[in-house]
*Asks:* 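Have a look at the structure that comes next, please.
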Amino acid sequence: MKLFSLFLVGAIAALIVVPPPSAAQAQSLPSATSLQSGGLPDLRGDAEQIFALGNQARTQAGVARLVWDPDLAEAALEHCRRMAAEGPLSHRYGGELSLTARAAKAGAYFSLIEENLAIGPTPGAIHQSWMQSPEHRENLLNPQVNHVGIAVVYARGVLYAVADFSAAVMRLTPQQIEAQVSSLVRATGVAILPNTAVARAACASDDSWLPPAANQPAWMIRWQNSDLSDLPQQLLKQLRSGKYRHAAVGGCPAHLDNTAFTSYRVAVLLY
């Protein structure tokens with residue numbers, strides 16, 4: 001039996017911030033429209049305006065529109081309030097969770113996450129500042145992201161804005177993981193065994209695990225990734241070799257990998 005293990009995660013991009021507005025710009029700021037817990041105004045209408053402007057820019061650039069993500073918006077608001085309270089713009093303050101961790105804590109599932117920050121006099125000015133900054137524009141128009149959550153708060157006469165963009169990942173149970181991978185394996189002409197017990201045990205184990213002698217596979221692989229749309233190349237090579245007639249597929253919770261990226265873990269045993 002040969003064993004292969006793969007661990008694949010997404011990437012994070014958190015970019016520079018734009019400079020604060022001038023004193024003249026600050027004087028033209030609107031008043032707060034609502035007050036949320038924490039003492040800092042949460043301008044929902046302003047966030048929606050930035051969202052609409054961002055989607056207009058993506059449409060003009062030929063990129064798919066973003067979907068509003070309430071979990072990302074919650075994570076953005078938590079950071080935006082911290083940013084407005086502390087003053088200097090930063091993607092992380094002392095004692096604060098990282099972008100990936102705070103988004104995951106809010107309930108978001110993702111394989112890629114990015115963040116834009118800004119201070120500006122109006123939602124339109126904030127949007128323009130992002131469009132005029134190469135790094136922020138790249139985040140906003142990134143075709144790989146499909147969800148966004150935006151928060152805007154008003155403090156000390158200025159608007160503070162945070163936009164968290166992500167490539168959203170479906171929330172799959174182990175059974176759904178098995179069904180997805182099984183369909184890909186079956187498409188290569190290899191039949192799926194109905195008993196998943198050994199494959200699930202292999203999935204949940206580490207590299208020291210060995211299958212029972214009665215169920216010893218000829219080849220086995222397990223991997224962890226956020227994308228289950230394709231099988232690993234090592235597995236495809238084996239499936240196409242013609243040496244195997246049956247496969248057992250097992251899904252299980254992902255092992256901790258010190259990141260907050262959404263990952264699914266799966267094992268495939270070939271017989």
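Throughout, residue positions are numbered sequentially from 1 according to the sequence presented.
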*Asks:* With side chains defined as the heavy atoms from C-beta onward, is the minimum distance between Trp219 and Leu269 less than 4.5 Å?
*Replies:*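 No, side chains not in contact.
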
*Asks:* Restricting to side chain to side chain donor-acceptor pair (under 3.5 Å), what partner residues turn up for Glu86, sequence neighbours left out?
*Replies:*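 Result, side chain to side chain donor-acceptor pair (under 3.5 Å) vs Glu86: Arg82.
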
*Asks:* Run the numbers on Leu77 and Val153 for side-chain contact (heavy atoms from CB on, under 4.5 Å), then give the verdict.
*Replies:* CA-CA 8 Å; Leu77 179 57; Val153 300; 3.9 Å; yes

*Asks:* For the CG atom of Leu231 and the CD atom of Gln180, what is their distance to the nearest 0.5 Å?
*Replies:*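 The CD atom of Gln180 is 9.0 Å from CG of Leu231, to the nearest 0.5 Å.
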
*Asks:* Got a donor-acceptor contact below 3.5 angstrom from the Ser182 side chain to the Ala179 backbone?
*Replies:*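 No.
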
*Asks:* On the 0 to 90° scale, with breaks at 30° and 60°, tag the His136-Trp130 ring pair as parallel, tilted or perpendicular.
*Replies:*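 Judged by the thresholds at 30° and 60°, the geometry between His136 and Trp130 is parallel.
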
*Asks:* Per the disulfide bond (SG atoms under 2.5 Å apart) rule, what does the pair list look like for residues 140-221, sequence neighbours excluded?
*Replies:*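 Checked against disulfide bond (SG atoms under 2.5 Å apart) - neighbours excluded - the pairs reaching residues 140-221 are Cys203-Cys252.
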
*Asks:* How close do Ile126 and Ala161 get, heavy atom to heavy atom, and via which atoms?
*Replies:*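 Taking every non-hydrogen atom into account, CD1-CB, 3.7 Å.
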
*Asks:* Enumerate the salt bridge (Lys or Arg N to Asp or Glu O under 4.0 Å) contacts for residues 224-236, please, sequence neighbours excluded, ordered by first and then second residue.
*Replies:*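 Every candidate salt bridge (Lys or Arg N to Asp or Glu O under 4.0 Å) pair involving residues 224-236 fails, so no pair, neighbours aside, qualifies.
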
*Asks:* Compare all side-chain heavy atoms of Asp46 with those of Leu159 and state whether any distance is below 4.5 angstrom.
*Replies:*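 Answer yes - side chains close enough.
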
*Asks:* Begin with the C-alpha distance, continue with both residues' side-chain angles, and end with the deciding distance and a verdict on side-chain contact (heavy atoms from CB on, under 4.5 Å) for Phe165 and Leu72.
*Replies:* CA-CA 8 Å; Phe165 308 91; Leu72 289 178; over 6 Å; no

*Asks:* Quick one, Leu99 with Ile113, criterion side-chain contact (heavy atoms from CB on, under 4.5 Å). Give me CA distance, side-chain angles, the key distance, then yes/no.
*Replies:* CA-CA 8 Å; Leu99 168 60; Ile113 192 162; 4.0 Å; yes

*Asks:* Identify, with sequence neighbours excluded, every residue that meets side chain to side chain contact (heavy atoms under 4.5 Å, CB included) alongside Arg58.
*Replies:*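 For Arg58, the residues satisfying side chain to side chain contact (heavy atoms under 4.5 Å, CB included) (neighbours in sequence not counted) are Asn55, Val63, Leu66, Leu141, Val145.
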
*Asks:* Between Glu115 and Asn139, do the side chains contain a donor N or O and an acceptor N or O under 3.5 Å apart?
*Replies:*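 The answer is no; no qualifying pair exists.
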
*Asks:* Quick one: list whatever passes salt bridge (charged side-chain N to carboxylate O under 4.0 Å, His left out) with Glu48, sequence neighbours left out.
*Replies:*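 Not a single residue meets the salt bridge (charged side-chain N to carboxylate O under 4.0 Å, His left out) criterion with Glu48.
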
*Asks:* Please tell me if the side chains of Val148 and Asp69 come closer than 4.5 Å, counting only heavy atoms from C-beta onward.
*Replies:*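 With C-beta onward as the side chain, the pair stays apart.
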
*Asks:* So, does Tyr271 use its side chain to make a donor-acceptor pair with the main chain of Asn215 at under 3.5 Å?
*Replies:*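 Checking the backbone N and O of Asn215 against the side chain of Tyr271, a donor-acceptor pair under 3.5 Å is found.
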
*Asks:* Hey, are the side chains of Ile150 and Asn116 touching, using non-hydrogen atoms and a 4.5 Å cut-off?
*Replies:*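 No, every pair of side-chain atoms sits at 4.5 Å or beyond.
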
*Asks:* What closest approach, in Å, do Glu96 and His79 show between heavy atoms, and which atom pair accounts for it?
*Replies:*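 In terms of heavy atoms, the two residues are closest at OE2-ND1, 2.7 Å.
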
*Asks:* Please list, chain by chain and in numerical order, all residues satisfying side chain to side chain contact (heavy atoms under 4.5 Å, CB included) with Ser205, sequence neighbours excluded.
*Replies:*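 Here the qualifying residues are Trp209, Arg222.
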
*Asks:* Which is it for Ser166 and Glu114 under the side-chain contact (heavy atoms from CB on, under 4.5 Å) test, yes or no, and what are the steps along the way?
*Replies:* CA-CA 6 Å; Ser166 80; Glu114 308 171 336; over 6 Å; no

*Asks:* Residues in side chain to side chain contact (heavy atoms under 4.5 Å, CB included) with Glu78, at least two apart?
*Replies:*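 Per chain and number, Glu78 pairs via side chain to side chain contact (heavy atoms under 4.5 Å, CB included) with no residue.
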
*Asks:* Could you tell me whether a side-chain N or O of Glu178 sits under 3.5 Å from a main-chain N or O of Gly251, the two making a donor and an acceptor?
*Replies:*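 Yes; at least one donor-acceptor contact below 3.5 Å.
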
*Asks:* With no hydrogens and no angle check, is any side-chain donor or acceptor of Asn146 less than 3.5 Å from a backbone partner on Ala168?
*Replies:*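 Yes; judged by distance alone, with no hydrogens or angles, the pair exists.
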
*Asks:* According to a hydrophobic-cluster definition based on side-chain heavy atoms being under 4.5 Å apart (Ile, Leu, Val, Met, Phe, Trp, Tyr only), do Leu97 and Val162 belong together?
*Replies:*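 They do not share one cluster, since no chain of ILVMFWY contacts under 4.5 Å joins Leu97 to Val162.
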
*Asks:* Do you know which two heavy atoms are closest between Gln216 and Pro211, and how far apart they sit?
*Replies:*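 Of all heavy-atom pairs spanning Gln216 and Pro211, the closest is NE2-O, 3.6 Å.
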
*Asks:* Considering residues at least two apart in sequence or located in another chain, which fulfil the side chain to side chain donor-acceptor pair (under 3.5 Å) criterion with His127?
*Replies:*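 Once residues adjacent in sequence are excluded, His127 has no partner under the side chain to side chain donor-acceptor pair (under 3.5 Å) criterion.
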
*Asks:* Considering only residues two or more places apart or on different chains, which pairs with a residue in residues 48-67 satisfy ring-ring contact (aromatic ring centres under 6.0 Å, His included)?
*Replies:*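 Sorted result for residues 48-67: Phe51-Trp68.
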
*Asks:* For Tyr244, give me all partners under side chain to side chain donor-acceptor pair (under 3.5 Å), at least two apart in sequence or on another chain.
*Replies:*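 Tyr244 satisfies side chain to side chain donor-acceptor pair (under 3.5 Å) with Gln238 only.
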
*Asks:* Which pair of non-hydrogen atoms, one from Ala76 and one from Ala151, has the smallest distance, and what is that distance?
*Replies:*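 In this case the closest contact between Ala76 and Ala151 is C-CB, 3.6 Å.
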
*Asks:* Give every donor-acceptor pair under 3.5 Å between a side-chain atom in residues 185-198 and any protein atom, sequence neighbours left out.
*Replies:*
unit_1	atom_1	unit_2	atom_2	d
Thr188	OG1	Val185	O	2.6
Asn195	OD1	Ala197	N	2.9
Thr196	OG1	Arg200	NE	3.2

*Asks:* Would you check if Pro232 and Ile221 make a side-chain contact, meaning some heavy-atom pair closer than 4.5 Å?
*Replies:*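 Yes, side chains in contact.
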
*Asks:* Taking it one step at a time, do Phe110 and His147 satisfy ring-ring contact (aromatic ring centres under 6.0 Å, His included)?
*Replies:* CA-CA 9 Å; Phe110 51 89; His147 280 212; over 10 Å; no

*Asks:* With clusters defined by side-chain heavy atoms of hydrophobic residues (ILVMFWY) lying less than 4.5 Å apart, directly or transitively, does Ile119 cluster with Leu53?
*Replies:*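 No.
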
*Asks:* What pairs with Gln175 under side chain to side chain donor-acceptor pair (under 3.5 Å), at least two apart in sequence or on another chain?
*Replies:*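 Expected list: Thr173.
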
*Asks:* Quick one, Asp71 and Tyr109 - any side-chain contact, counting heavy atoms below 4.5 Å?
*Replies:*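 Asp71 does not reach Tyr109 side chain to side chain.
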
*Asks:* Locate the shortest heavy-atom distance separating Gly250 from Ala199; write the atom from each residue and the value.
*Replies:*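 So the minimum-distance heavy-atom pair works out to N-CB, 3.3 Å.
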
*Asks:* Any idea which heavy atoms bring Ser90 and Leu117 closest together, and the distance?
*Replies:*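 Shortest heavy-atom contact: O-CD1, 3.3 Å.
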
*Asks:* Given 3.5 Å as the limit, does a donor-acceptor pair link the side chain of Arg81 with the main chain of Ala85, or not?
*Replies:*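 No: the side chain of Arg81 does not pair with the backbone of Ala85.
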
*Asks:* Give a yes or no on whether Ile50 and Val67 share a hydrophobic cluster (residues Ile, Leu, Val, Met, Phe, Trp, Tyr; joining criterion: side-chain heavy atoms under 4.5 Å apart).
*Replies:*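 Unlinked, Ile50 and Val67 end up in two clusters.
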
